[in-house]
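Notes follow once the structure below has been shown.
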Amino acid sequence: MSVIIAIDGPSGSGKSSTSRLVARRLGARYVDTGAMYRAITWWMLREGIDPDDTAAVAARCAEPIIDLRDDPADPHISVDGHDVSVDIRGPGVGAAVSRISAVPQVRSRLVAIQRDLVEAARQRGDGVVMEGRDIGTVVLPDADLKVFLTADAGARAERRAREQVGDDHVDRDMIRATEEHLLSRDAIDSTRAVSPLQAADDAIRIDGTHLTLDEVADAILAAVPDQRA
Ligand code: DC
């Protein structure tokens, strides 16, 4: 099945787990575009480039070789041959990624790679589930299905905090701090000049606050258009 699905939404909305599950259930490829913005941020930091130096970020962003493995059972990302799948989740990258991803040259380079991945999958007859912030609006405006996944800020913060420290160590203060961090990232992602986080007009909106992962995936799978199934 070569269906192309775009899933957008804010941090902590459960996009990654949902997108992977949907891709696995469909036998499709899975592309986490946030991992690509994180990977380029990791490289900028390693090169000692100041994330606020927009001119330097723009001038150097074509250099790193970014390679994404789009298997939903075992996704990986590497930069110049180094597997950075774990390192890109660290706090240094998390603190800088919104600034790096606001640079237009970074976005146009990664959008080109994202479209190439879809084209390669299409040629093999594979479907793709691609998740991010601007997939339905900019990267894949002709996707077969567009989903905008949201959840309450409190629910998103709790999910992120549990992921980071484990269920036994999470407490109210940590959830509150995580919520503040998420809200500030959302504000940057939603108000930047290029490709801000927003739902496409033709996206279906799913609020996952009170739904399980399986329920969200079921709602998406139920909306996959029949003609490609
Ligand atoms: O989904 P995530 O938290 O891993 O995304 C990391 C950052 O990358 C986040 O600040 C938003 C940005 N991003 C983006 O600007 N466009 C995308 N398509 C995906 C992520």
Side-chain angles (χ1 to χ4, degrees), residues 4-20 22-23 30-45 51-52 54 57-58 61 64 66 68 70 72 75-77 79 84-118 128-141 143 146-151 153 156-157 159-164 178-200 203 208:
I4 306 297
I5 302 180
I7 301 185
D8 291 300
S11 307
S13 56
K15 269 189 325 277
S16 296
S17 321
T18 305
S19 303
R20 270 181 80 175
V22 169
Y30 161 64
V31 179
D32 172 3
T33 62
M36 299 170 82
Y37 287 94
R38 287 172 179 272
I40 213 161
T41 300
W42 176 89
W43 183 88
M44 294 284 167
L45 296 176
D52 289 319
T54 307
V57 171
C61 69
I66 295 182
L68 182 126
D70 58 2
H76 278 279
I77 189 154
V79 180
V84 295
S85 311
V86 173
D87 292 355
I88 59 168
R89 305 289 161 194
V93 169
V97 64
S98 280
R99 284 171 287 159
I100 301 289
S101 58
V103 176
Q105 289 85 349
V106 170
R107 301 203 71 81
S108 55
R109 173 157 194 240
L110 294 187
V111 168
I113 297 175
Q114 291 155 14
R115 290 185 179 143
D116 285 349
L117 284 167
V118 171
V128 178
V129 179
M130 183 176 283
E131 58 139 316
R133 303 291 192 289
D134 60 341
I135 310 306
T137 50
V138 174
V139 183
L140 303 173
K146 299 178 185 178
V147 177
F148 197 78
L149 188 59
T150 56
R156 293 193 282 127
R159 185 180 290 142
R160 257 297 140 89
R162 285 184 191 282
E163 266 167 27
Q164 275 164 358
T178 309
E179 185 172 342
E180 275 171 27
H181 179 69
L182 284 183
L183 290 174
S184 91
R185 276 246 309 258
D186 287 355
I188 301 177
D189 294 342
S190 311
T191 57
R192 69 176 172 227
V194 200
S195 305
L197 167 66
Q198 64 184 56

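Counting starts at 1 for both ligands and their atoms, in listed order. Quantities reported herein were computed from a predicted structural model and do not represent experimental measurements.
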Nearest non-hydrogen protein atom, [atom]:
atom	answer
atom 19 (C) of ligand 1	T33 OG1, 3.3 Å
atom 10 (O) of ligand 1	S98 OG, 3.2 Å
atom 18 (N) of ligand 1	D134 OD1, 2.8 Å
atom 7 (C) of ligand 1	V97 CG2, 3.6 Å
atom 16 (N) of ligand 1	R107 NH2, 3.0 Å
atom 3 (O) of ligand 1	R185 NH2, 2.7 Å
atom 20 (C) of ligand 1	G34 CA, 3.6 Å
atom 6 (C) of ligand 1	R38 NE, 3.7 Å

- prompt: Should the pair R192-D134 be classified as a salt bridge under the 4.0 Å nitrogen-to-oxygen rule?
  reply: no

query: Between R99 and D52, does at least one N-O distance fall below 4.0 Å, as a salt bridge requires?
result: yes

Short list, please: which atoms of ligand 1 are under 4.0 Å from a heavy atom of [X]?
X	value
G132	18 (N), 19 (C)
S101	12 (C), 15 (O)
D189	9 (C), 10 (O), 11 (C)

message: Could you tell me if the side chain of C61 sits less than 4.5 Å from the side chain of I40, heavy atoms only?
response: yes

- request: Assess whether side-chain contact (heavy atoms from CB on, under 4.5 Å) is satisfied between L110 and I66, documenting all intermediate values.
  value: CA-CA 9 Å; L110 294 187; I66 295 182; 4.0 Å; yes

- request: Decide whether S11 and R133 meet the rule of one side-chain donor and one side-chain acceptor closer than 3.5 Å.
  value: yes

Purely on distance, is any nitrogen or oxygen of [X] under 3.5 Å from one on ligand 1?
X	value
R133	yes
S11	no
R160	no
D32	no

Applying a heavy-atom cut-off of 4.0 Å, say which part of [X] lies close to ligand 1: side chain, backbone, both or neither.
X	result
M36	neither
M130	neither
E131	neither

- request: Just jot down the side-chain contact (heavy atoms from CB on, under 4.5 Å) partners of D87, sequence neighbours excluded, or say none.
  value: W42

task: Please list, chain by chain and in numerical order, all residues satisfying salt bridge (Lys or Arg N to Asp or Glu O under 4.0 Å) with D116, sequence neighbours excluded.
output: none

- request: Mind running side chain to side chain donor-acceptor pair (under 3.5 Å) on T178 and R160 for me, showing each step along the way?
  value: CA-CA 7 Å; T178 309; R160 257 297 140 89; over 6 Å; no

field: H181 backbone acceptor or donor facing S184 side chain under 3.5 Å
entry: yes

- prompt: If only atom types and distance count, is the side chain of R115 paired as donor or acceptor with the main-chain N or O of L140 below 3.5 Å?
  reply: no

statement: Per side-chain contact (heavy atoms from CB on, under 4.5 Å), I7 is matched among K15, K146, M130 by K15

